[in-house]
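Have a look at the structure below before the remarks.
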Amino acid sequence: MEYNFREIEKKWHQRWVAQQTYKVTEDPNRKKFYVLNMFPYPSGAGLHVGHPLGYIASDIYARYKRLQGFNVLNPMGYDAYGLPAEQYAIQTGQHPAITTEQNIARYREQLDKIGFSFDWSREVRTCEPGYYHWTQWAFQKMFGSFYCNTCKSAQPIEKLVEHFEKEGTANLDVAQSEELSFTANDWNAFDAVKRQQVLMNYRIAYLAETMVNWCPALGTVLANDEVIDGVSERGGFPVEQKKMKQWCLRVSAYAQRLLDGLDTIEWTDSLKETQRNWIGRSEGAEIVFKVKDSDKSFTIFTTRADTMFGVTFMVLAPESELVQELTTPEQKAAVDEYLAYVKKRTERDRISDRKVTGVFSGSYAINPFTGEANPIWISEYVLAGYGTGAIMAVPAHDSRDYAFAKHFGLPIVPLVEGCDVSEESFDAKEGIVCNSPKAGVTPYVDFSLNGLTIKEAIAATKKYVREHNLGRVKVNYRLRDAIFSRQRYWGEPFPVYYKDGMPQMIPEACLPLELPEVDKFLPTETGEPPLGNAKCWAWDTKNNKVVDNALIDNTTVFPLELNTMPGFAGSSAYYLRYMDPHDDKALVSAAADEYWQAVDLYVGGSEHATGHLIYSRFWNKFLFDLGVSCKEEPFQKLVNQGMIQGRSNFVYRIKDSNTFVSLGLKDQYDTTPLHVDVNIVSGDVLDIEAFKAWRPEYATAEFILEDGKYVCGWAVEKMSKSMFNVVNPDMIVEKFGADTLRLYEMFLGPVEQAKPWDTNGIDGSHRFLKKFWNLFWNKDSFAVTDDEPTKEEMKSLHKLIKKVSEDIEVFSYNTSIPAFMIATNELSQLKCNKRAVLEPMVVLIAPFAPHIAEELWEALGHNTTVCDAQWPALDEKYLVEDTVKMMVAFNGKTRFGIDFPADADNATIEAAARNHELTPKYLEGKQIVKIIIVPKRMINIVIK
RNA sequence: GCCCAGAUGGUGGAAUUGGUAGACACGAGGGACUUAAAAUCCCUUGGCCAGUGAUGGCCGUACGGGUUCGAUUCCCGUUCCGGGCACCA
């Protein structure tokens, strides 16, 4: 019987569906295991061979865990909201829901061919009301919560109101946008609108006028992680800074917990490092500087409190509110001119040319340590969004301050013994402090830092600042709050209406608030987001329903929010929804959450390090505070699959001709390399007829061949349509079968590593499956017998059990596949066709190649699927060797191995080594100095 | 600039974590079967040198040092590639 993969795979796909083989239910009697892939955005291009890599890797793990007796949750769904469907809608008028539906159908068709063990009954789509119900619900909960720094958790906003009623802002330690100060009496005197405004300062989901990354080409704002080098991540359009009223999530409140949580999870060091950088914790001090000849003062943030005696000027961010306050009338014209200049510059300009620019404000600040008056400058190198938007400049020990001081001729005072600041600043945090005044010399401070190390000096200064009320010790984070509004159509609508200009939540019982229909997907003529085109988009508070805009009276019927939520909203808690996907009472029931806990193994690309993987952790921590999720960290172990790159092929056209020259001869001509479709190239040899047919202009092409062949050049590039290097998994499945594809993708290299796709090697994997098949079949008869296997055959099997079990645990599939090949070859040479060996082999290969495993399992006479089999147990006794080969080395040079009984002791080995008849050649005229025996490995004989 | 991870044949990659470097696969070369092709099977395949030959010798894991009886593996320095952060005070 031949290995007919087409029939086998078709048969088992049908049977798996019919028998619901992969449906899972909570079962308290079985241990659970939750495997998850980052769900895909269903793009119009369909899957290429790179996409399934992570799915295959995790599917192998899921199947393995199941064979080990775990109740495995391995779901799949779609991150269905996204820009491409919306842009397609703008161009063609086709509703994004239709585009998305079509793309999902195509994805599903492609995924089904590869034989995954997904429980499709748990599929989620972020764009379905039953799903985004809970996205909206979570948003409302965030709106109704504030973050308490003392109890380190989110709390209902009502608690904060209670606090205000009793003591105003006294004794308040909470996360907030600005530090407000009012009494209980003040609060009680505020009207409803004012109270709402105040509460906005504390809510975890809040509306605020903020500087946003505005992308005019896309017509929307973007989050920081969606902007790369000053251009949009999608499309590469320029991004500018703009002040807009936006929904924000107070992610920054969770900065410390996001940082601490990293120590409790099994992620790669590099990914944790990326998140630590992104969170950007820095410990320092906030110090208050008084303005000279004024009652004003302002606060700066520094991590180098030890450099107080080296401050020679101050700098404000151009966007800082202090700029208007501190600019003197004489300097106003110059400052205004500078501000206009800064405003013109985009984020990209700032990054590309780092010119030293700035202007003097006219004011001076008094250094609280020395009493010196330092000029206050304004410069774009100070960022408004970090710290307090103002710094003290210490040019001797900060390279940016140094460049500024040199450019504007400001003084530079070094503070570290032996440092040379004539050419550049001394930024290192190592050395002994000098140049601080002797104790008692200034009327301002009564201590000196001279002689301390920098670290000691920082600590001493902080202590002094705290004790003398000059400021406070402060931890700052680079992590900013997430902008949560997008001016788009194809996203979750906010369950929010506006009354007196203040947002109100629609009642929880009325969720989900469904996305309305619009005639046009573009922004309105007045510049409002696409939802401004909706005719029926107003909230009737009497009847609690969406009604026609014409009914808006602002007494009972109010306008609804026109923005929608960003892409990360729907993907932030989807792993919880998979636990209980059809629950219409809760995001996830307590029982389901209690059973599945959190994702045990999460597989996906590292490109989500500062996006989805931060937002999800934040979102989950919030739900944890609410008691919805029982685990604080959502993803216990995370594996980043490497990207599969394309391997492009090139042909070389001789300039101004239609003649193409083969790779080896191209240097003799003046040629232009052109991408050629990799599907008409095999082993870098061009199929000339297919090439001529590929494009009309090549129909008359001529070729200069080498050895009768046209050899193409190649390069590794991103897999993309424009480079003609996209390899479609359907074609591979059609030609070789899904099992071959699965095996080959895993064999290609370590899962975590980026690697180019090269279809050429796939034959090897396919051949292996045929050999494996042929262990069971002899021509057309099933050849498996019940004979007793030999020890040697059992050894082959148990070596394999050991290797494969160990490899799967550490995701090292690329080395277990060779182990299968070796075992198959050994058994094939031994002509082993015994059930006791072959049956466990089928179970071992089932995670990797499930279709062939099912077929053979059935042929072995089982009437259950191989998925319900037991992972074979390792019996070490078959691996114990009778003899051990010890390597013998003379002065470190390895010469040969000698077999010893496995239980030989060192004395026996040493005696044998001394007397061994194989050694005289090396011992002639030499003397043994010592013999070192490395247990079970090596006898090292030192001779003289 | 700072942080993280790497560098092994023609190619993808192994190496029990300090013990015979190059498993396995691709590609290449040779052979068997065949009228032929496909398919299948077998042999060779890091480099250099010696030998008719079995075989033997030397070099070899980016580069330069070090530790060790012994280093792809550990330590120090250099170069190069990839990733993250970046006027973050």
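Proteins come first, then strands; the chains are lettered A, B, ... in the order of their sequence lines, and each starts at number 1.
B:G10 has its base anti relative to the sugar, with a glycosidic angle deviating from 0 by more than 90°.
Shown here, B:G1 forms a base pair with B:C85; the pair counts as Watson-Crick or G-U wobble because both key distances fall under 3.5 Å. Within the shown strands, B:C69 is the pairing partner of B:G19 under the Watson-Crick or G-U definition, both distances less than 3.5 Å. In this entry B:G46 has B:C59 as its Watson-Crick or G-U wobble partner, both defining distances falling under 3.5 Å. In this structure, B:G51 makes no Watson-Crick or G-U wobble pair, since no nucleotide meets both defining distances under 3.5 angstrom.
Annotation: of the two residues near RNA chain B, A:Gly280 and A:Asp269, the 5′-most nearest-nucleotide partner is A:Asp269. Each of A:Gly764 and A:Thr388 was matched to the nucleotide of RNA chain B holding its nearest heavy atom; the match closer to the 5' end belongs to A:Gly764.
Comparing B:C87, B:G84, B:C26 against the side chain of A:Asn760 picks out B:C26 as the nearest. When each of B:G13, B:A89, B:C41 is scored by its nearest atom to the side-chain atoms of A:Thr303, the top-ranked nucleotide is B:A89. In this structure, the nucleotide among B:A89, B:C24, B:G13 sitting nearest to the side chain of A:Ile391 is B:A89. Across B:A89, B:C3, B:C85, the shortest atom-to-atom separation from the side chain of A:Glu273 is found for B:C3.
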query = Does the ring pair (Phe, Tyr, Trp, His ring centres under 6.0 Å) test come out yes or no for A:Phe5 and A:His766, once each step is laid out?
reply = CA-CA 10 Å; A:Phe5 58 86; A:His766 192 61; 5.4 Å; yes
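Taking the centre and axis of the six-membered ring of A:Trp267, the NZ or CZ atom of A:Arg617 falls inside the cone set by 45° and 6.0 Å.
Under a cut-off of 6.0 angstrom, the local environment of NZ in A:Lys795 is sparse, with at most 12 non-hydrogen atoms contributed by other residues, nucleotides or ligands.
Contact annotation: A:Asn814 does not reach the phosphate of B:G12 (side-chain N/O to OP1 or OP2, under 4.0 Å). Phosphate contact (OP1/OP2 of B:A89, side-chain N/O of A:Ser282, threshold under 4.0 Å): present. Note on A:Gln275: every side-chain N or O is 4.0 Å or more away from OP1 and OP2 of B:G84.
Within 4.0 Å of A:Lys770, counting heavy atoms only, lie sugar-phosphate atoms of the nucleic acid but no base atom. A:Ile822 comes within 4.0 angstrom of sugar-phosphate atoms only, judged by non-hydrogen atoms across all strands, and of no base. Among the heavy atoms of the strands, none lies under 4.0 Å from A:Pro756. Using a 4.0 Å heavy-atom cutoff across all strands shown, A:Asn476 reaches no nucleic acid atom at all. Contact annotation for A:Arg767: backbone-only contact, meaning every heavy-atom pair under 4.0 Å involves sugar-phosphate atoms and none involves a base. Here A:Arg281 lies out of heavy-atom contact (under 4.0 Å) with every strand.
Taking the six-membered ring where the residue is Trp, the centroids of A:Tyr338 and A:Trp377 are separated by 6.0 Å or more.
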